[in-house]
Amino acid sequence: MATSVLPPSSEHAQPPEVLLEFPDNRLLIELCGEFDRNLAEIEQRLGVQIVRRGNQLLVHGDAELRQQAGELLQVLYERLESGRPVEREDIDREIRLDRSDEDSDAGPDSQLEMFSGGKVEIKTRKKLVEPRTDAQKAYVKNLFEHEMAFGIGPAGTGKTYLAVAVGVSMFIQGHVDKIILCRPAVEAGERLGFLPGTQEEKVDPYMQPLYDALNDFLPGKQLAKLKEEKTIEIAPLAFMRGRTLSNAFVVLDEAQNATTMQMKMFLTRLGEGSRMVITGDRSQVDLPRGVQSGLQDAERLLTPIPKISFNYFTAKDVVRHPLVAAIIEAYDKDEISG
């Protein structure tokens, strides 16, 4: 694929344009997307204009932005050449990620060979998961490198989703024997105790986000079998009391709703060969007034311990609908000003 910068033909001409030439017209069609939707997405995100002429793309706009767009189009085309599709989330990820240090942190001996070529990828049975922001990338690396890791930040930043993906990846690679996912069963303003059904049926609504994540990574029949065999467990935090969790990948989600005693109980379940991930959002505490969040205490007490990693996310790391980031920022500003 050839790239060149065409100079303006006169003093009053349009700014120079980046010219990209693509040898495979079929891949170029996939790069552009249906009705050129991928090109439209790049134009909107980067503030450039992209014109297609045969097997060439011309990028107009500010010098720095058109250069960024040209590099982005090259990366996406190389992705297609490797047999991977290009979706909106792939465009979003490539725009967000800083790739300046990818070569420096690559290493052939890294766990699961995930750092070869500088890429951070999580392989599961159903899909390949790739971090979409620099904070997510650092978080995933720490999940593989540390026996205990904390992910703290607002909803929609991928804290739990990525943790479950890493757990599934480590399980299918044989690094752990089971996956345990748990949440504190704290009512977020609703009174589930009055709902009909067994205790398990009442607790299931709390666990649904964990089921959703697992369904993204494992085929339905395999997931059902693993749950039946108790190789994958999804349970309330209270069910962890008295256990020693060995050779397991354990995720505590919504950790801001664990009390200090519950958090201590959970953290001390760590056994040989196990990994623990604790995720939470300090702004979404549903504990009764006056009850201290165990996540805040754990953060205060454990940050000095070098073998425990802490990763923090902000509204900039939200990978849901763009409005979600705007909503989080609006609430954060109101909290600061209030």
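Residues: numbered from 1 along the sequence shown. We use all heavy atoms of the structure for the numbers below, so side chains are in, but hydrogens, waters and symmetry mates are not.
- When all heavy atoms of V251 and A163 are compared, the pair lying nearest together is CG2-CB, 4.2 Å.
- Separating the CD atom in E81 from the CD atom in E78 is a distance of 6.5 Å, to the nearest 0.5 Å.
- The pair R93-D90 counts as a salt bridge, with a side-chain nitrogen and a carboxylate oxygen less than 4.0 angstrom apart.
- Without hydrogens or angle criteria, E30 side chain to P85 main chain gives no donor-acceptor distance under 3.5 Å.
- When each of E121, K137, E89 is paired with E130, the side chain to side chain contact (heavy atoms under 4.5 Å, CB included) condition holds for E121 and for no other.
- In this structure, NZ in K159 is found 10.0 Å from CD in Q136, a value given to the nearest 0.5 Å.
- Atom NZ of K316 has 12 or fewer neighbouring heavy atoms from other residues, nucleotides or ligands inside a 6.0 Å radius.
- Interatomic distance, F150 CZ to T279 OG1, rounded to the nearest 0.5 Å: 10.5 Å.
- For the atom pair CG (L65) and CD1 (I42), the distance works out to 13.0 Å, reported to the nearest 0.5 Å.
- Between P154 and A315, the closest heavy-atom pair is CG-N, 4.1 Å.
- A salt bridge links R88 to E41: at least one charged side-chain nitrogen sits closer than 4.0 Å to a carboxylate oxygen.
- With a 6.0 Å radius and a threshold of 12 heavy atoms from other residues, nucleotides or ligands, E147 has its CD atom at or below the threshold.
- Here the side chains of F22 and L57 are in contact, with some heavy-atom distance below 4.5 Å.
- With hydrogens and angles disregarded, a donor-acceptor distance shorter than 3.5 Å links the side chain of D317 to the backbone of T314.
- Here the side chain of K126 pairs a donor or acceptor atom with the backbone of N215 at under 3.5 angstrom.
- In terms of modelled atom types and a separation under 3.5 Å, the side chain of N142 and the main chain of Y139 share no donor-acceptor contact.
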Given side chain to side chain contact (heavy atoms under 4.5 Å, CB included), test L181 with D253 step by step and report yes or no. CA-CA 8 Å; L181 311 177; D253 189 32; over 6 Å; no
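- Applying the side-chain hydrogen bond (donor to acceptor under 3.5 Å, both in side chains) test to pairs two or more places apart or on separate chains, none has a residue in residues 264-274.
- Although no hydrogens or angles enter the test, the distance criterion places no donor-acceptor pair under 3.5 Å between the side chain of R282 and the main chain of Q296.
- In this structure, I29 CD1 and N38 CG are separated by 12.5 Å, a value rounded to the nearest 0.5 Å.
- With hydrogens and angles disregarded, no donor-acceptor distance shorter than 3.5 Å links the side chain of D36 to the backbone of L39.
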Using the side chain to side chain contact (heavy atoms under 4.5 Å, CB included) rule, take C32 and R52 through it: C-alpha gap first, then chi angles, then the decisive distance, then the call. CA-CA 9 Å; C32 296; R52 181 179 173 186; 4.0 Å; yes
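- Side-chain contact between Q68 and V59 is absent, with no heavy-atom pair separated by less than 4.5 Å.
- Looking only at side-chain heavy atoms (C-beta outward), R125 and F217 stay at 4.5 Å or farther from each other.
- F35 and L73 are members of different hydrophobic clusters when ILVMFWY side chains are connected at heavy-atom separations under 4.5 Å.
- Residues S169 and F144 come closest through the heavy atom pair OG-CZ, 4.3 Å.
- Y211 has its side chain out of reach of L223: every pair of non-hydrogen atoms, C-beta onward, lies at least 4.5 Å apart.
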From CA spacing to verdict: side chain to side chain contact (heavy atoms under 4.5 Å, CB included), F266, M276: CA-CA 9 Å; F266 174 79; M276 274 190 173; 3.8 Å; yes
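- Taken from OG1 in T133 to CZ in R96, the straight-line distance is 6.5 Å, to the nearest 0.5 Å.
- Taking the side chain as every heavy atom from C-beta outward, L226 and I179 never approach each other to under 4.5 Å.
- Between V166 and R275, every side-chain heavy-atom pair lies at or beyond the 4.5 Å cut-off.
- Other residues, nucleotides and ligands contribute only 12 or fewer heavy atoms inside 6.0 Å of the CD atom of E64.
- Under the 4.5 Å side-chain heavy-atom criterion for ILVMFWY residues, a single connected hydrophobic cluster contains both M263 and L301.
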Begin from the C-alpha positions of E233 and K178 and carry the test salt bridge (Lys or Arg N to Asp or Glu O under 4.0 Å) through to its verdict. CA-CA 8 Å; E233 292 183 50; K178 66 190 306 181; 2.9 Å; yes
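- Contact between M265 and L237 at its shortest, heavy atoms only, is CE-O, 3.7 Å.
- The salt bridge (charged side-chain N to carboxylate O under 4.0 Å, His left out) search around R300 returns D297, not counting sequence neighbours.
- Put simply, the side chain of R66 gets close to the backbone of G61: a donor and an acceptor are under 3.5 Å apart.
- Taking V285 as the reference, Q256, N257, L287, S293 meet the side chain to side chain contact (heavy atoms under 4.5 Å, CB included) condition, with sequence neighbours excluded.
- When all heavy atoms of D281 and A155 are compared, the pair lying nearest together is OD2-N, 3.6 Å.
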Can I232 and F171 be said to form a side chain to side chain contact (heavy atoms under 4.5 Å, CB included), step by step? CA-CA 10 Å; I232 290 181; F171 172 74; 5.5 Å; no
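- Counting only distance, with no hydrogens or angles, the side chain of T303 and the backbone of E299 share a donor-acceptor pair below 3.5 Å.
- In the hydrophobic clustering of this structure, L267 does not group with M261; members are Ile, Leu, Val, Met, Phe, Trp, Tyr whose side-chain heavy atoms approach within less than 4.5 Å, directly or through other members.
- By the 4.5 Å heavy-atom criterion applied to side chains, Y161 and V319 are not counted as neighbours.
- Side-chain contact between I180 and F239 is absent, with no heavy atoms from C-beta onward closer than 4.5 Å.
- Contact detail for D216 and K127: the closest heavy-atom pair is O-CD, 3.4 Å.
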